[in-house]
Amino acid sequence: MAQLDRPGGYMDGIVRVRFAPSPTGYLHIGGARTALFNWLYARHHGGVFILRIEDTDRERSTEEAINVIITAMRWLGLDWDEGPFRQMGRLPRYEEEARRLLETGKAYKCYCTPEELEERRKAALARKETPKYDRRCASLSEAERLACEKKGLKPVIRFLCPDEGTTIINDLVKGEVSFENANLDDFIMVRADGIPTYNYAVVVDDHDMDITHVIRGDDHLSNTPRQILVYQALGYKIPEFGHLSMILGPDKTRLSKRHGATAVEAYRDEGYLPAALINYLALLGWGFEDQTIFDRQELIQKFGLEGVGKSPAVFDSTKLAWMNGVYIRELSVHELAGMMKPFLQRAGLAVEMYDDTWYNRLAEITRERLEKLGDIAELSSFFFHRVEYRPEAVEKVLKKEGVPDILRKTLEALSDTSFEFYSEPIEKRLRALVEETGLKAKFVFQPIRVAVTGRNISPPLFETIELLGREATLERLGEAIRLLEMAGNS
RNA sequence: GCCCCCAUCGUCUAGUGGCCUAGGACACAGCCCUUUCAAGGCUGCGGCGGGGAUUCGAAUUCCCCUGGGGGCACCA
């Protein structure tokens with residue numbers, strides 16, 4: 001842990017990081033990436049990963065969202081060592097520290113109403129000026145203050161921001177970033193109802209929880225100088241910061257619901273594997289040599305903030321899908337078989353029709369064809385209900401010259417009960433049939449495929465026939481023949 | 001409007017002054033394998049945003065421009 005030996009670092013302490021989502025919706029892909037990087041950083045350094053719920057927005061925070069986030073974190077395997085802590089459970093601490101700031105003159109009460117503020121903000125914008133609080137309440141006399149209180153006005157607490165000086169951040173991923181304090185205004189620390197706002201609460205929390213490294217999204221970079229000023233005013237030790245670039249949609253704007261699924265939950269429901277999502281997310285902003293596929297242990301072992309890039313990354317769902325396919329193929333047949341069932345069931349297919357042996361076989365023949373577990377339903381639905389002949393398959397394959405004859409011969413060959421109904425003997429019989437007709441294999445096999453599956457695309461034919469079983473296969477062959485006879489083909 | 005960040009193939013990235021005629025992965029195209037679709041193998045297509053400067057030598061350092069992103073709430 002040599003890299004802890006840096007100025008402002010923590011020479012002897014262990015790494016303590018946190019993920020601090022606000023429970024206002026789902027766990028967003030971007031949030032998951034932030035959580036992952038924090039988790040990897042903690043695990044790599046043998047540190048502590050803390051989960052903290054930032055629920056000071058009473059309007060938007062919900063219990064439901066907290067559960068959704070926790071469920072998603074667990075599903076991803078991002079286990080935390082402390083928490084979940086909730087800011088709403090820490091109100092007395094914020095009050096205590098706010099009082100200290102008030103007493104030392106580093107904060108003041110402000111009686112301006114939201115309406116007044118909004119009006120002045122608009123006016124400033126109209127004058128093409130930068131909206132900034134004019135600090136009028138900072139110089140309120142005791143008498144004026146009392147008058148406001150008498151009118152029933154509830155004050156907010158504002159942080160008195162120094163108007164000179166420069167605040168410099170030595171960001172672990174961005175490098176040195178500096179801000180002029182003069183550009184910062186006296187932001188609201190505590191609302192009129194006594195609940196702290198983000199920029200204030202986050203400082204007290206990170207201090208109280210002994211956070212050594214604040215790893216979070218880029219969108220917080222411009223908040224950081226305000227927070228550093230609070231750290232200083234409170235006499236706290238300043239942690240290290242590492243700001244991760246945003247994840248963008250294909251149109252290069254910040255990834256949002258407009259771009260499709262952004263909730264981790266949605267990926268789970270479509271049949272993405274946690275290992276694949278983790279692997280993909282790790283690569284969004286981080287890289288290690290030429291490697292693409294990393295298992296969890298490798299990620300922990302190789303992860304470091306030095307490897308994190310500064311530029312934003314576009315979320316590429318195509319690559320994620322490919323990667324998920326890679327992970328599906330790495331699953332054992334047994335594991336895959338077990339995972340497939342819920343997806344088939346959810347698609348309304350009668351999963352109880354078959355036994356475990358059958359599902360293992362199904363997994364075997366479909367594993368190379370799945371990108372998402374959810375694909376299994378479409379790929380294998382014909383096993384579960386009677387054939388639905390797809391018009392384009394009928395047109396392109398079945399209506400070809402000589403097809404009824406091929407199907408009749410197939411029916412005959414497979415009606416022979418002197419062999420076990422497994423793919424190998426089935427293949428032997430059908431290849432013999434190909435010999436007999438003198439046709440190219442595909443001219444025989446394609447019609448059979450369409451006849452038994454209803455489509456021109458399916459898993460491998462002989463295995464498919466085996467899984468369908470003799471009875472259903474013969475029935476479907478017969479149905480196809482009848483269909484063609486009725487249509488006048490013979 | 002003000003402040004901040006970013007800039008290598010379409011996308012994710014390797015690259016930290018010479019090893020780069022810029023490497024890998026996804027996607028795309030072609031070929032091979034093949035009963036379809038996949039998977040797999042091979043080949044190809046494709047990039048250092050522009051302009052200055054430093055240097056014997058810049059993708060790599062500095063400046064400007066351009067482009068993109070983020071922030072400027074009693075949201076986080």
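All values below come from the heavy atoms of this structure, side chains included, with hydrogens, waters and symmetry mates left out. These numbers come from a predicted model, not from an experiment. Per chain, numbering begins at 1; letters A, B, ... match sequence-line order.
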Visitor: Using side-chain heavy atoms (C-beta onward) and a distance below 4.5 Å, is A/Thr113 in contact with A/Glu116?
Guide: yes
Visitor: With A/Asp205 as reference, evaluate A/Arg90, A/Arg93, A/Arg18 under the side chain to side chain donor-acceptor pair (under 3.5 Å) test and give the passing residue.
Guide: A/Arg90
Visitor: Report the distance from atom CG of A/Leu117 to atom P of B/C74, rounded to the nearest whole Å.
Guide: 6 Å
Visitor: So what does A/Asp185 hit on the nucleic acid, given a heavy-atom distance under 4.0 Å: a base, only sugar-phosphate, or nothing?
Guide: nothing
Visitor: Both A/Ala192 and A/Glu371 contact RNA chain B. Which one's nearest nucleotide lies toward the 5' end?
Guide: A/Glu371
Visitor: Using a cutoff of under 3.5 Å, can you pull out all pairs of nitrogen or oxygen atoms linking the protein to nucleotides 34-38 of chain B, with atom names and distances?
Guide:
from	atom 1	to	atom 2	distance (Å)
B/U35	O2	A/Arg449	NH2	2.1
B/U36	O4'	A/Gln446	OE1	3.0
B/U36	O2'	A/Asn456	O	2.9
B/U36	N1	A/Arg449	NH2	3.1
B/U36	O2	A/Arg449	NH1	3.4
B/U36	O2	A/Ser458	N	3.0
B/U36	O2	A/Ser458	O	3.0
B/U36	N3	A/Arg449	NH1	3.2
B/U36	N3	A/Ser458	O	2.9
B/C37	O2	A/Arg369	NH1	2.6
B/C37	N3	A/Arg369	NH1	2.4
B/A38	O2'	A/Glu368	O	2.3
B/A38	N3	A/Glu368	OE1	3.3

Visitor: On the nucleotide B/A73, are OP1 or OP2 found under 4.0 Å from the side-chain N or O atoms that A/Arg121 carries?
Guide: yes
Visitor: In the structure I gave you, are the side-chain heavy atoms of A/Arg135 and A/Asp163 within less than 4.5 Å of one another anywhere?
Guide: yes
Visitor: Starting at atom CG of A/Asp218, determine the distance to atom P of B/G68, rounded to an integer number of angstrom.
Guide: 17 Å
Visitor: Round to the nearest Å and state the distance from A/Ile293 atom CD1 to B/U13 atom P.
Guide: 15 Å
Visitor: When you measure from the side chain of A/Gln291 to the backbone N and O of A/Ile293, does any donor-acceptor pair fall under 3.5 Å?
Guide: yes
Visitor: Would you say the side chain of A/Lys440 lies within less than 4.5 Å of the side chain of A/Val434, judging by non-hydrogen atoms?
Guide: no
Visitor: Would you mind building the protein contact string for nucleotides 6-11 of chain B? One character per nucleotide, 5' to 3', B for base within reach (heavy atoms under 4.0 Å), S for sugar-phosphate only, - for untouched.
Guide: SS---S
Visitor: With a 4.0 Å cut-off on heavy atoms, is A/His243 in touch with a base, just the backbone sugar-phosphate, or nothing at all?
Guide: nothing
Visitor: NA contact type, A/Arg329, heavy-atom cut-off 4.0 Å: base, sugar-phosphate, or nothing?
Guide: sugar-phosphate
Visitor: On the side chain of A/Asp219, is there an atom forming a donor-acceptor pair with the base of B/A76 - under 3.5 Å, no angle test?
Guide: no
Visitor: What is the pairing partner of B/A7, taking Watson-Crick or G-U wobble pairs with both distances under 3.5 Å in any strand?
Guide: B/U66
Visitor: Is A/Arg254 close enough to B/G71 that one of its side-chain N or O atoms is under 4.0 Å from OP1 or OP2 there?
Guide: yes
Visitor: Identify the nucleotide, in any strand shown, that forms a Watson-Crick or G-U wobble pair with B/A29, with both distances under 3.5 Å; if there is none, say none.
Guide: B/U43
Visitor: Produce the list of close N/O pairs, under 3.5 Å, pairing protein atoms with atoms of nucleotides 17-23 of chain B; give distances to one decimal.
Guide:
from	atom 1	to	atom 2	distance (Å)
B/G23	N2	A/Asp290	OD1	3.2

Visitor: Please check if any side-chain donor atom of A/Glu371 sits under 3.5 Å from a side-chain acceptor atom of A/Asn324, or the reverse.
Guide: no
Visitor: Whole angstroms only, please: what is the OH-P distance between A/Tyr94 and B/C74?
Guide: 19 Å
Visitor: For the C1' atoms, the ones on B/G47 and on B/G15, what distance do you get once it is rounded to whole angstrom?
Guide: 13 Å
Visitor: Quantified in whole Å, what is the P atom distance between nucleotide B/A25 and nucleotide B/G17?
Guide: 26 Å
Visitor: Can you tell me how far P in B/G70 sits from the matching atom in B/C26, rounded to whole Å?
Guide: 30 Å
Visitor: What distance, rounded to whole Å, do you find between the two P atoms, one in B/C62 and one in B/C6?
Guide: 11 Å
Visitor: Compare all side-chain heavy atoms of A/Tyr198 with those of A/Arg226 and state whether any distance is below 4.5 angstrom.
Guide: no
Visitor: When the distance from CG of A/Leu284 to C1' of B/C26 is rounded to whole Å, what number comes out?
Guide: 13 Å
Visitor: Both distances below 3.5 Å, Watson-Crick or wobble geometry, any strand: find the nucleotide opposite B/G1.
Guide: B/C72
Visitor: Could you check which nucleotide pairs with B/G18 in any of the strands shown, counting Watson-Crick or G-U wobble with both distances under 3.5 Å?
Guide: B/C56
Visitor: B/C5 and B/C19: how far apart are their C1' atoms, nearest whole angstrom?
Guide: 33 Å
Visitor: Kindly indicate whether the side chain of A/Asn360, heavy atoms from C-beta on, has any atom under 4.5 Å from the side chain of A/Leu336.
Guide: no
Visitor: Do the charged groups of A/Asp185 and A/Arg158 touch, with an N to O distance under 4.0 Å?
Guide: no
Visitor: Inspect the contact between A/Arg361 and A/Glu466 and indicate whether a charged nitrogen and a carboxylate oxygen are less than 4.0 angstrom apart.
Guide: yes
Visitor: For A/Thr56, which contact category applies under a 4.0 Å heavy-atom criterion: base, sugar-phosphate, or nothing?
Guide: sugar-phosphate
Visitor: Expressed in whole Å, how much space separates the P atoms belonging to B/C28 and B/C37?
Guide: 15 Å
Visitor: Give one of base, sugar-phosphate or nothing for A/Thr366, where a contact means two heavy atoms less than 4.0 Å apart.
Guide: nothing
Visitor: I want to confirm an ordering. Mapping A/Arg58 and A/Thr292 to their closest nucleotides on RNA chain B, which one lands closer to the 5' end?
Guide: A/Thr292
Visitor: Taking C-beta and beyond as the side chain, do A/Arg449 and A/Pro459 meet within less than 4.5 Å on heavy atoms?
Guide: no
Visitor: Is A/Thr130 touching bases, backbone alone, or none of the nucleic acid, heavy atoms closer than 4.0 Å?
Guide: base
Visitor: Could you give the CG-to-P distance, from A/Leu320 to B/A25, as a whole number of Å?
Guide: 19 Å
Visitor: Say you pick atom C1' in B/C72 and the same atom in B/U11; how far apart are they, in whole Å?
Guide: 32 Å
Visitor: Between A/Asp134 and A/Arg120, is there a side-chain heavy-atom distance shorter than 4.5 Å?
Guide: yes
Visitor: With heavy-atom distances below 4.5 Å as the criterion, would you say the side chains of A/Asn456 and A/Lys396 are in contact?
Guide: yes
Visitor: To the nearest Å, how far apart are A/Asp186 CG and B/C74 P?
Guide: 12 Å
Visitor: Which base, if any, makes a Watson-Crick or G-U wobble pair with B/C37, both distances under 3.5 Å?
Guide: none
Visitor: Find the distance A/Leu221:CG to B/C72:P and express it as a whole number of Å.
Guide: 12 Å
Visitor: I'd like to know if A/Glu54 and A/Arg52 make a salt bridge, using a cut-off of under 4.0 Å between side-chain N and carboxylate O.
Guide: yes
Visitor: Would you measure the distance from the P atom in B/G46 across to the matching atom in B/C2 and give it in whole Å?
Guide: 42 Å
Visitor: Which word best sums up how the rings of A/Tyr108 and A/Tyr133 line up, parallel for under 30°, tilted for 30 to 60°, or perpendicular for over 60°?
Guide: parallel
Visitor: For A/Gly285, which contact category applies under a 4.0 Å heavy-atom criterion: base, sugar-phosphate, or nothing?
Guide: sugar-phosphate
